[in-house]
**Q** 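Please find one structure pasted underneath; my questions will follow.
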Amino acid sequence: MSLKNQIKKNSSFFFLLFFIFTLPIQAQDQKAKKLLNEVTTKIKSYQTIAIDFKYALNNSKENINQESKGNVVMKGNMYVLNLMGVTKLFDGKKTYTINPEDEEITISKYSEKDETAITPSKMLTFFNTGYKFSWDIVQNIKGKKIQYIKLVPNNSKDQRKEILLGIDLATKNIYTVIEIGKNGTKTTLTVNSFKTNQPVPKNQFTFAESKYPNYYINKLD
């Protein structure tokens, strides 16, 4: 299976990674809960966030070992995400998925009732609902002290066995997310650059149809 198809198959993991702010108070590991709350508070304090990342997909049984780079810029309730040559733009009301390879643009409206809809508030704090969490190992990576929190899905039908969330203890920002599937697939997202409160162009989150004259427009309204 190609990397693009694997990413489409695992899109719920990736987009919910980049990232869900209202962490429920549960009788779980107190240290883990405290750190996750600190991460959430820190993320909510930023006006803008720009992240460059590496996305890796591995499955030894299927002989899959592939990597890709991407980036995302977020401000308020808007974002632009680039991965595998595909751009996903959300202007606060509609999502535009721009695929140059197929010369196709898919436009869909945002609904607050749609739990699968992706917004910046869901990108960097996916851990807020649907998981049991516990304190895990700490590692020193490139001079950074990374504390891992283990997340286990509450839903037994979830195809993910567990997720390891690596947090930079110095900045309280997410450094890496490792998802381990029940089928042996391992997906890893590692943050290479995390920049905040930087100015962005006024048209950063504006879709201009005139830039894509030969594209097929697929409206899902």
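Worth saying up front: this structure is predicted, and the values here are computed from it rather than measured. Numbering starts at 1 and runs along the sequence shown.
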**Q** For the residue pair V80 and Q204, establish whether any side-chain heavy-atom pair is separated by less than 4.5 Å.
**A**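 Sidechains of Q204 and V80: in contact.
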**Q** Answer yes if Y96 and I217 sit in the same cluster of Ile, Leu, Val, Met, Phe, Trp and Tyr residues linked by side chain heavy atoms under 4.5 Å apart, and no otherwise.
**A**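 Hydrophobic grouping puts Y96 with I217.
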**Q** Nearest heavy-atom pair of S134 and A32: which atoms, and what distance?
**A**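 S134 and A32 have their closest heavy atoms at C-CB, 4.0 Å.
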**Q** Would you say V191 and N173 make side-chain contact, with heavy atoms under 4.5 Å?
**A**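 No, side chains not in contact.
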**Q** In plain terms, say whether R160 and D158 are close enough for a salt bridge, that is, a side-chain N and a carboxylate O under 4.0 Å apart.
**A**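 Looking at D158 together with R160, the answer is yes, because their closest N to O distance falls below 4.0 Å.
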**Q** Assess whether atom NZ of K161 is packed by more than 12 heavy atoms of other residues, nucleotides or ligands within 6.0 Å.
**A**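 At most 12 heavy atoms, drawn from other residues, nucleotides or ligands, come within 6.0 Å of this atom.
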**Q** Around atom CG of N63, are there more than 12 heavy atoms from other residues, nucleotides or ligands closer than 6.0 Å?
**A**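 Counting neighbours around CG of N63, 12 or fewer heavy atoms of other residues, nucleotides or ligands fall under 6.0 Å, so no.
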**Q** What I'd like to find out is whether the side chain of K44 reaches to under 4.5 Å of the side chain of T41, using heavy atoms alone.
**A**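 In short, these two side chains do not touch, never coming nearer than 4.5 Å.
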**Q** Is there a donor-acceptor contact under 3.5 Å from the side chain of K94 to the main chain of D91?
**A**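 The answer is no, because no donor-acceptor pair under 3.5 Å joins these two groups.
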**Q** Any ion pair linking E38 and K34 (charged N to carboxylate O, less than 4.0 Å)?
**A**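 A salt bridge is present here (some side-chain N lies under 4.0 Å from a carboxylate O).
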**Q** Side chain of E101, backbone of G85: donor and acceptor closer than 3.5 Å?
**A**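 Pair absent, no side-chain N/O of E101 close to backbone of G85.
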**Q** For side-chain hydrogen bond (donor to acceptor under 3.5 Å, both in side chains), just list the numbers for N155 and Y131, CA-CA rounded to whole Å, side-chain angles, deciding distance to a tenth of an Å, and then say yes or no.
**A** CA-CA 8 Å; N155 189 346; Y131 301 93; over 6 Å; no
**Q** Can a side-chain donor-acceptor contact be found between T48 and N197 if the only test is distance below 3.5 angstrom?
**A**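 T48 and N197 do not have a side-chain donor-acceptor pair below 3.5 Å.
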**Q** Could you tell me if the side chain of F207 sits less than 4.5 Å from the side chain of E209, heavy atoms only?
**A**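 Yes - at least one pair of side-chain heavy atoms lies under 4.5 Å apart.
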**Q** Would you call I149 and W135 a side-chain contact if the rule is heavy atoms closer than 4.5 Å?
**A**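 Yes, at least one pair of side-chain atoms sits under 4.5 Å.
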**Q** Counting only heavy atoms from other residues, nucleotides and ligands, does the tally under 6.0 Å from CD of Q47 exceed 12?
**A**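 Not buried by this count: 12 neighbours or fewer within 6.0 Å.
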**Q** Between I174 and V39, is a side-chain contact (heavy atoms from CB on, under 4.5 Å) present by the stated rule, with each step listed?
**A** CA-CA 8 Å; I174 296 173; V39 171; 4.2 Å; yes
**Q** Tell me the closest heavy-atom pair linking N154 and K132, and the distance in Å.
**A**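 Closest approach of N154 to K132: OD1-CG, 3.1 Å.
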**Q** Would you say the side chains of N192 and Y175 form a donor-acceptor pair under 3.5 Å?
**A**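 Looking only at side-chain atoms, Y175 and N192 do not form any donor-acceptor pair under 3.5 Å.
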**Q** Considering all heavy atoms of both residues, which atom of Q139 and which atom of I141 are nearest to each other, and what is their separation?
**A**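 Looks like OE1-CD1, 3.6 Å.
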**Q** How far apart are the closest heavy atoms of K54 and E67, and which atoms are they?
**A**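 That closest heavy-atom pairing would be CD-OE1, 3.6 Å.
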**Q** Report the residue from N71, V72, N82 that forms a side-chain contact (heavy atoms from CB on, under 4.5 Å) with D52.
**A**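 Per the side-chain contact (heavy atoms from CB on, under 4.5 Å) rule, the option paired with D52 is N71, out of N71, V72, N82.
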**Q** With heavy-atom distances below 4.5 Å as the criterion, would you say the side chains of D168 and I146 are in contact?
**A**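 Heavy-atom side-chain distance check passes, below 4.5 Å.
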**Q** Can you tell me how far apart CD1 (I49) and CE (M74) are? Round to the nearest 0.5 Å.
**A**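 Rounded to the nearest 0.5 Å, the CD1-CE separation comes to 4.5 Å.
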**Q** With a 4.5 Å cut-off on side-chain heavy-atom distances among I, L, V, M, F, W and Y, is there a chain of contacts connecting V177 to V138?
**A**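 Unlinked, V177 and V138 end up in two clusters.
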**Q** Is a donor from one side chain sitting under 3.5 angstrom from an acceptor on the other, for K33 and Q30?
**A**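 Present: a donor and an acceptor within the cut-off.
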**Q** Distance check, rounded to the nearest 0.5 Å: I98 atom CD1 versus L89 atom CG?
**A**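 It comes to 6.0 Å.
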**Q** Evaluate the side-chain contact (heavy atoms from CB on, under 4.5 Å) criterion for residues I163 and I178: first the C-alpha distance (whole Å), next the side-chain angles of each, then the deciding distance (0.1 Å), finally the verdict.
**A** CA-CA 6 Å; I163 298 172; I178 303 170; over 6 Å; no
**Q** As an exercise, state the distance from NZ of K211 to CD1 of I105, rounded to the nearest 0.5 Å.
**A**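 K211 atom NZ to I105 atom CD1 measures 9.5 Å (nearest 0.5 Å).
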**Q** Which distance, rounded to the nearest 0.5 Å, do you find between the CZ of F53 and the CZ of F194?
**A**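 Result: 12.5 Å between the selected atoms.
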**Q** Cut-off 3.5 Å, side chains only: do T97 and K88 have a donor facing an acceptor?
**A**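 There is such a pair (donor and acceptor under 3.5 Å, judged by atom type) between the side chains of T97 and K88.
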**Q** Is the closest side-chain heavy-atom distance between T87 and L81 below 4.5 Å?
**A**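 Contact flag for T87/L81 side chains = no.
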**Q** Can you see which heavy atom on V200 is nearest to which on F205, and at what distance?
**A**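 Taking V200 first and F205 second, the nearest heavy atoms are CG2-CE1, 4.0 Å.
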**Q** Under 3.5 Å, is there a donor-acceptor pair between the side chain of N203 and the main chain of T206?
**A**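 Here the side-chain-to-backbone pair does not exist.
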**Q** I want to check something: taking the side chain as every heavy atom from C-beta on, are L164 and D136 in contact at a cut-off of under 4.5 Å?
**A**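 A side-chain contact exists here, since the closest heavy-atom pair is under 4.5 Å.
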**Q** What distance separates D102 CG from N99 CG, expressed to the nearest 0.5 Å?
**A**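 Between atom CG of D102 and atom CG of N99 there are 4.0 Å.
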**Q** Quick check for you: to the nearest 0.5 Å, what is the distance between F133 atom CZ and L35 atom CG?
**A**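 That separation rounds to 10.5 Å.
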**Q** Specify the closest pair of heavy atoms between L83 and S68, including all atoms of both residues, with the distance to one decimal.
**A**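 Looking at all heavy atoms of both residues, the shortest contact is CD1-OG, 3.9 Å.
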**Q** Look at atom NZ of K186 and say whether more than 12 heavy atoms of other residues, nucleotides or ligands are closer to it than 6.0 Å.
**A**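 At most 12 heavy atoms, drawn from other residues, nucleotides or ligands, come within 6.0 Å of this atom.
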**Q** So K93 and K109, side-chain contact (heavy atoms from CB on, under 4.5 Å) or not? Walk me through it.
**A** CA-CA 6 Å; K93 296 180 179 180; K109 287 184 177 180; over 6 Å; no
**Q** Set out, in order, the CA-CA distance, both residues' side-chain angles and the distance that settles side-chain contact (heavy atoms from CB on, under 4.5 Å) for L36 and L165, then state yes or no.
**A** CA-CA 10 Å; L36 292 178; L165 179 66; 3.6 Å; yes
